[in-house]
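All remarks here apply to the structure that follows.
The chains referred to below are lettered A, B, ... by the order of the sequence lines, with proteins before strands, and numbering in each begins at 1. When reading the values below, keep in mind they use all heavy atoms of this one structure, side chains included, and skip hydrogens, waters and symmetry mates.
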2 protein chains.
Amino acid sequence: MRTVPTVYEVARHARVSTATVSRVLSGNDRVRPEYRERVFAAVAELGYVPSGAARDLAARRAGVLGLCFPDLVGDQDTDSDAMFWYDEIIRGMERAARRRGYALLIAACHETDDVDLVTTVAGRCDGMVVLARTVPAPELERIAGRIPVTMLAGPRTSDEAARVVDHLVVANREGARELTGHLVDVHGYTDVWFVAGPDSPDSAARFDGFQAALAERGLPVAQRPHAAGDFTTAGGRRAVAQLLADGHRPRALVCANDQTALGALTALAGAGLRVPQDVAVTGFDGIQLGQHVRPALTTATQPMRQLGEKAVSMLEERLADPTLAARLVEMPVRVDVRESCGCTSEI
Amino acid sequence: MRTVPTVYEVARHARVSTATVSRVLSGNDRVRPEYRERVFAAVAELGYVPSGAARDLAARRAGVLGLCFPDLVGDQDTDSDAMFWYDEIIRGMERAARRRGYALLIAACHETDDVDLVTTVAGRCDGMVVLARTVPAPELERIAGRIPVTMLAGPRTSDEAARVVDHLVVANREGARELTGHLVDVHGYTDVWFVAGPDSPDSAARFDGFQAALAERGLPVAQRPHAAGDFTTAGGRRAVAQLLADGHRPRALVCANDQTALGALTALAGAGLRVPQDVAVTGFDGIQLGQHVRPALTTATQPMRQLGEKAVSMLEERLADPTLAARLVEMPVRVDVRESCGCTSEI
DNA sequence: CTGAAAGCGCTTACAG
DNA sequence: CTGAAAGCGCTTACAG
């Protein structure tokens, strides 16, 4: 195998300086057409592919954005279905990044280890988005000292980190409030229960919205969730199956996320209950699967596209001005009324 | 904002050389414990995060693998559901890469443009996986001259590229052959039709397996697919709806991929036909959604995990020995018999 | 518009 | 085990 060609070879071949090669390749400088031609010819002939590392080092810019999401491994080493939600995030971020000319460097990280992986990512990108439970706070602070960091859908971390890390969240509380309100106002259900996820700020905020909706309507307000899953389908199924086994028959179930709701659907079917005729169900997030199950899931859909775009622009703003104060931005969610709440299909 | 610290600052702070700092941080060299402590202390105090670019340039290794998949945008700028399949690939590759200590650099690319993006990716990783229709052959050859490249599930490209690019494919023909055989042997259907995807080697290979199964059983063999979608749910629905509108009533439909089969399900339901009682349906790929729809989809599932692992190991082998001859590796698929073929649910 | 040369921030023989 | 120094392959003021 030949040795890999460098700018020097290209420059020599094209009989120009490396500066000219660099200018031609970056595209945005005025170079005599004749030289330009020669450079392209040399590049083609030599099969030149510029070294990203050298380029990044010299230009202090990578053209790469990073994304750390939690490492979710199911029981037998298969991906947990909580991953569906991350698929959407990855896709949304990749698209938004690409629109602005960045590639996306992704890695599933776990708070307890993987510091090397996080460093690999952080050291190689111009800015990064981290989801909750991926990077320990001290590490996060350190990284934020080097590149802009936006925490997506996560909790406010330590005070230190909060000073330097931007936060981008969705309207969890408001979404759950609307969903619950819909169940009460439109369908007249008063016996509405909440099926939580794991102990997380997202689940908590959604429960909060659930409580608010009930309180506003003068209905009795539960002080704690009636059941709790873990944001997976299996967890939701177990939680609701237990509820039913205990003899409870709520009229409607507000679930902390879509997978939990999907699990609820299965548990209810298993108990011979019809959705929405016997029990209504709502989810949260708007994963694609929710549109395909029957009954189609009524849910609060997160604006993936906009979340990605917003995350990238926040990163770019901070790249332009690193002294910016940390920001907390909340994006609205959209309530998608489908079948599982009792409304008819909108097909 | 303070200036970002470098190895030099860390070395000065720890009163050691930069070589020692580098050794401590890389972890694998024997350094006097006292020095090691001092380095870690300095790193912590300064909030040092090594520059990936400098590191890569000096070490000639990035610890990053690349993945280019096609840019799939649906009608109103939303992701086409053909993306589900890529979600699985991305996840499988991310996991396999991470297991070997790599992060994954991803970018959706389109053959006609995006050469810059491809270059961004190729220049920054140690090896890359490309899916079909993402990188033009000449560009692919050039990249393969710099880093190992594996084409996943793609066609053999130009002869030139085929010499330097490894190919990793799944048993498309065999999977379709088994699926079709199952329909005939187990369920006794003889009137089995094929709904193709777009003009692609994958769809063609699956049709080939379909034909083989029929021929082996002495049944009439169609010379061309009875209908064709485009690998999306909408395409499958349209193709099958047209078939039905034309008055055709096949007993079973072998679809080129899962989304096509999902679309078939919708079209059949729309025509008042029951699956599998009136018409049986099979898919291909094994996307997660197929397990959740009713009837659950009988399909040939691609071994995502193993595909990812295999792709990474092929890259590593070529990294170790760049002179390796180009390889073509085929991975088996697993036929998952569920409900849509007429077998009962295995819940 | 073009080139000579410094410099980006690491790692790694090489010598000790 | 440790350090001085070269070198990785680009980009970009700086001068012309």
P-based separation of C:dT2 from C:dA6 [nearest Å]
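Between the two P atoms, the distance is 23 Å.
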- salt_bridge(B:E94, B:R91) N-O dist < 4.0 Å: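 No.
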Could you pull out the closest heavy-atom pair between B:S17 and B:A11, with the gap in Å?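 Result for this residue pair: C-CB, 3.8 Å.
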ask   = Which pair of heavy atoms, one from A:M331 and one from A:P303, lies closest together, and at what distance?
value =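 Taking A:M331 first and A:P303 second, the nearest heavy atoms are CB-CG, 4.3 Å.
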In whole Å, what is the span from the [atom1] atom of [X] to the [atom2] atom of [N]?
X: B:R146; N: D:dC10; atom1: CZ; atom2: P; result: 6 Å
X: B:E9; N: C:dG9; atom1: CD; atom2: C1'; result: 10 Å
X: B:D126; N: D:dC8; atom1: CG; atom2: P; result: 18 Å
X: A:R61; N: D:dC10; atom1: CZ; atom2: P; result: 17 Å
X: A:Y48; N: D:dG9; atom1: OH; atom2: P; result: 10 Å
X: A:L25; N: D:dC10; atom1: CG; atom2: P; result: 9 Å
X: B:R36; N: D:dC1; atom1: CZ; atom2: P; result: 10 Å
X: B:L57; N: D:dG7; atom1: CG; atom2: P; result: 13 Å

Report yes or no: does [X] contribute a side-chain atom to a donor-acceptor pair with the main-chain N or O of [Y] at less than 3.5 Å?
X: B:D126; Y: B:L65; value: no
X: B:R146; Y: A:V49; value: yes
X: A:D166; Y: A:R327; value: yes

Is any side-chain heavy atom of A:L152 closer than 4.5 Å to one of A:L307?
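They are in side-chain contact.
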Min side-chain heavy-atom separation A:R142-A:V118 under 4.5 Å: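 Answer no - side chains too far apart.
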message = Under 3.5 Å for both pairing distances: what stems, at least three Watson-Crick or G-U pairs long, include DNA chain D?
response =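 Stems for DNA chain D, defined as runs of 3 or more consecutive pairs: C:1-3 with D:14-16, C:5-12 with D:5-12, C:14-16 with D:1-3.
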Contact nearer the 5' end of DNA chain C, comparing A:Y35 with B:A54:
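Whichever sits nearer the 5' end wins; that is A:Y35.
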OP1 or OP2 of [N] less than 4.0 angstrom from a side-chain nitrogen or oxygen of [X], does that happen here?
X: A:Y8; N: D:dC8; value: no
X: A:R30; N: C:dC1; value: yes
X: A:T6; N: D:dG9; value: no
X: B:S51; N: C:dG9; value: no

Closer to the 5' end of DNA chain D via nearest nucleotide, is it B:P33 or B:R60?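 That would be B:P33.
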Nearest-neighbour nucleotide for the B:R55 side chain, C:dC10, D:dG9, C:dA4 considered: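 Side chain of B:R55 sits closest to C:dC10.
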Could you go step by step and tell me if B:T6 and B:E9 meet the side-chain hydrogen bond (donor to acceptor under 3.5 Å, both in side chains) rule? CA-CA 5 Å; B:T6 69; B:E9 271 78 67; 3.1 Å; yes
- Item | Cation-pi check, A:R100 onto A:Y102 ring (under 6.0 Å, within 45° of axis) |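 No; the conditions do not both hold, so A:R100 does not lie above the ring face of A:Y102.
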Pairs under 3.5 angstrom, nitrogen or oxygen only, protein versus nucleotides 12-16 of chain C, please.
| unit_1 | atom_1 | unit_2 | atom_2 | d |
| --- | --- | --- | --- | --- |
| C:dA13 | N6 | B:R23 | NH2 | 3.4 |

